[in-house]
**Student:** 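Before I ask anything, here is the structure I am working with.
Only this structure's heavy atoms are used, side chains among them; waters, hydrogens and symmetry mates stay out. Just so we're on the same page: letters track the sequence lines, and every chain starts at 1. Nothing here was measured: the structure is a model prediction, and the numbers come from that model.
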There are 2 protein chains.
Amino acid sequence: MGDPGGAGRSAERGTPVGRPKRPTMSDIAARVGVSQALVSLVFRNQPGASSDTRRRVFQAAEELGYRPDTAAQLLRRTRSRQLGVLFTMRQPHDVGIVEALYPAAREHGYTLVLNAMVDTRDERQAMDELLGLRCEAIITIGTTFERHHLATEVGGPSIVEINPLTRAAGTDVVRTAERNGMRQAVDHLVAQGHRAIAHIDGGAMPGAEERRRGYRAAMRHHGLADHIRVHPGDYTEESGARVARDLLARPELPTAVIAGNDRCAHGLLGTFLRAGVSVPDDVSIVGYDDSQLARLSFIDLTSVRQDAAEAAEVAVRAAAERLDGGRTADRDIVLDPTLVVRGSTGPARTRSMPDGDLLR
Amino acid sequence: MGDPGGAGRSAERGTPVGRPKRPTMSDIAARVGVSQALVSLVFRNQPGASSDTRRRVFQAAEELGYRPDTAAQLLRRTRSRQLGVLFTMRQPHDVGIVEALYPAAREHGYTLVLNAMVDTRDERQAMDELLGLRCEAIITIGTTFERHHLATEVGGPSIVEINPLTRAAGTDVVRTAERNGMRQAVDHLVAQGHRAIAHIDGGAMPGAEERRRGYRAAMRHHGLADHIRVHPGDYTEESGARVARDLLARPELPTAVIAGNDRCAHGLLGTFLRAGVSVPDDVSIVGYDDSQLARLSFIDLTSVRQDAAEAAEVAVRAAAERLDGGRTADRDIVLDPTLVVRGSTGPARTRSMPDGDLLR
DNA sequence: CAGTACAACTAGTACGTACAAGTGGCACGT
DNA sequence: ACGTGCCACTTGTACGTACTAGTTGTACTG
């Protein structure tokens, strides 16, 4: 009424065209013949309703197709119990962490709100969306940007960073003992007789600097300082492929290469195989992350394992400590990685590789 | 007041420990000396406020660290302008679609709410979360479950399915002309002299049945009915690897294999290379999706391209047509794929492969 | 039989925003 | 002088839920 000729013009505002209003608690209450407050009690499983009333409320809800309105719950509740997750979908290991976050969050009574970092939107905007949704904490995974502005903001959320680029004051950090991981990788190779062990680093990617340092330290520890070779790269297949081509153009290959992560190792491995270099007979390759990629039968990559489930669990717990436990001091949680030995590493070759084998 | 001894006990309910209340429009209004409604006007960029007032409102917002509360906006607005996205993170092509959805949604004035399908949570629960958040439409990507119950539900959202397993009444579908794609793949191989062209199918995965049929039809069209070989598989690397091992155990390899998707092709390719089978000299391989995997230099896979950006754009447009345009009839949108020829296909081998080359 | 305790309920309000319906003041025209 | 129109603003209410503070009725206690 009062809206003559308004049949087809509700496109811009108003109820989406042709969609009936969704039922609310009041609708259920009216149908059952009780108050809205009692319906609310029933759904929250609080004492104060008879079992008969509970049954009738649930039945009416079913019949009406009722769904609780998260927006209204969020608005009314003092706590949202939501955790925002900022991540990228291009690193298999990060994806594994996101998947592991779901059960971890549920265990602590939290819900996840995902927000993917995509090229076309900046991180600031993504963060704002999460904050607008009243996330109590934000968990970032392997992000490469600076976000110090958030940590100090009034009423800002708790922030837990998994494998961050740098540590920021006011946030909790969950990271891997990269030096430890690199040490295990180098130890393993040295035990197999390797001396010329190269490293493709991750450039400015999260954890890369630590891994680079760990590699150097481990090499020096074994008296192999002269064999230290760091090839610049990043966490993509193509950087591994590029380094492989570079190495193939040289007179002598190293006997082993430790890549910055599994994707990089994949590119290295694939390019070597294409060029007729045998892995691990000619060159041993070690990856990093132990993502699903490393476990594929035809890749079968020795890799430094970062336990995604553990990282996820620890990150959620850190958030819960702040939110539910009142902790205010920053925590720096360092997880120990484990080397998983697979088929891409073996004894160092003793012969020099004939040039003709390469670059056919 | 009225809360004696309440300093440290707000863990269970109340404001998260130690977090000050976030500022609201009323706080801004009080500081500027205007009403909350006027502040709302300013943020919505509606006429009715002087430019001086606007400036002061923005400044106060900045100073207070104000962020609009999405929950309250959602509750009050008649439209949420949110699109829910249900997806899995394990298929590179699906990830590409999600990434492309962001700009597409923004262009139509919508916001995305992501919800990942993970093993540990069922799809029903994931859908419910999206509905609770007032998503006006839900876009599913390559999901394998049945969700007819939603399409017919009272006040249910619009549903757009990208590459669904089966078509459901009441939903829009965006899919690929799989027969067309398969036809192009077979045509390409036949033109290169291939006759023994095998196919690894995707089993019960979305689109697999159509691709299988398309393969059979194209083979028959070229008079190659006798060469039809369908190997059961799925959309993972390991299924490709397994088929590769099966093929290697036989007396004669096909001269070409069309995989169910790129990941499957990857497994096939990697296993062949490991076994000393040369691609494309001994065997040509065609993938499907043209995901990032196919484009890697050392994989360089000829693949049937499904344009992720186009699928995303079309899906959002379909949702907008229903929500803003009032369309109620179902749409079935079929996108044409394009074969992208790369280095994994070449002329068919003419010689028979010596047994000794394989399975060394 | 009064008093108490408890179960089962209701009324009312608040959350932060959007929006409809005003109000007051000023400039303009006739 | 008076109406008209417009700008810049305010008041009040609604969205759907959660939660506090009641209110009723019944059973039990001494």
**Student:** Classify A:Ala49 by what it touches in the nucleic acid, base, sugar-phosphate, or nothing, heavy-atom distance under 4.0 Å.
**Tutor:** sugar-phosphate
**Student:** In whole angstroms, how far is the C1' atom of D:dG22 from the CG atom of A:Leu38?
**Tutor:** 15 Å
**Student:** Rounded off to whole Å, could you give me the CZ-to-C1' distance for the B:Arg54 and D:dC7 pair?
**Tutor:** 12 Å
**Student:** Establish whether the base of C:dA11 is bridged to the side chain of A:Gln36 by a donor-acceptor pair shorter than 3.5 Å.
**Tutor:** no
**Student:** Expressed as a whole number of angstroms, how long is the span from B:Arg44:CZ to C:dT17:C1'?
**Tutor:** 8 Å
**Student:** Taking all atoms of both residues into account, what is the closest heavy-atom pair of B:Ala329 and B:Arg322, and its distance?
**Tutor:** O-NH2, 3.7 Å
**Student:** Does either side chain, that of B:Gln82 or that of B:Thr111, offer a donor lying less than 3.5 Å from an acceptor on the other one?
**Tutor:** no
**Student:** Could you state the CG-P distance from B:Asn45 to C:dC19, rounded to the nearest angstrom?
**Tutor:** 13 Å
**Student:** Of the nucleotides C:dT17, C:dT10, C:dC19, which has the atom closest to the A:Ser35 side chain?
**Tutor:** C:dT10
**Student:** What's the CG-C1' distance between A:Asp52 and C:dA7, to the nearest Å?
**Tutor:** 14 Å
**Student:** Tell me whether A:Glu62 at atom CD has more than 12 heavy atoms from other residues, nucleotides or ligands lying less than 6.0 Å away.
**Tutor:** no
**Student:** Sort out for me which residue in A:Arg54, A:Arg55, A:Arg56 forms a side chain to side chain contact (heavy atoms under 4.5 Å, CB included) with A:Val42.
**Tutor:** A:Arg54
**Student:** Just how far, in rounded Å, is P of D:dT10 from CG of B:Leu41?
**Tutor:** 10 Å
**Student:** Under 4.0 Å: is that the gap between some side-chain N or O of B:Ser40 and OP1 or OP2 of C:dT17?
**Tutor:** no
**Student:** For residues 95-103 of chain B, dump all side-chain donor-acceptor pairs below 3.5 Å to protein atoms at least two apart in sequence or in another chain.
**Tutor:**
from	atom 1	to	atom 2	distance (Å)
B:Glu99	OE1	A:Arg90	NH2	3.0
B:Glu99	OE2	A:Arg90	NE	3.2
B:Tyr102	OH	A:Ala116	N	3.4

**Student:** Report the residues that fulfil side chain to side chain contact (heavy atoms under 4.5 Å, CB included) with B:Leu130, sequence neighbours left out, ordered by chain and then residue number.
**Tutor:** B:Leu86, B:Val113, B:Asn115, B:Cys135, B:Ile138
**Student:** Taking N or O atoms only and anything under 3.5 Å, show me the protein contacts with nucleotides 14-16 of chain D, one pair per line.
**Tutor:**
from	atom 1	to	atom 2	distance (Å)
D:dA14	N3	B:Arg76	NH1	2.7

**Student:** Under 6.0 Å between ring centres: does that hold for B:Tyr66 and B:Phe58?
**Tutor:** no
**Student:** Check the distance between C:dA20's P and B:Gln46's CD and give it to me in whole angstrom.
**Tutor:** 9 Å
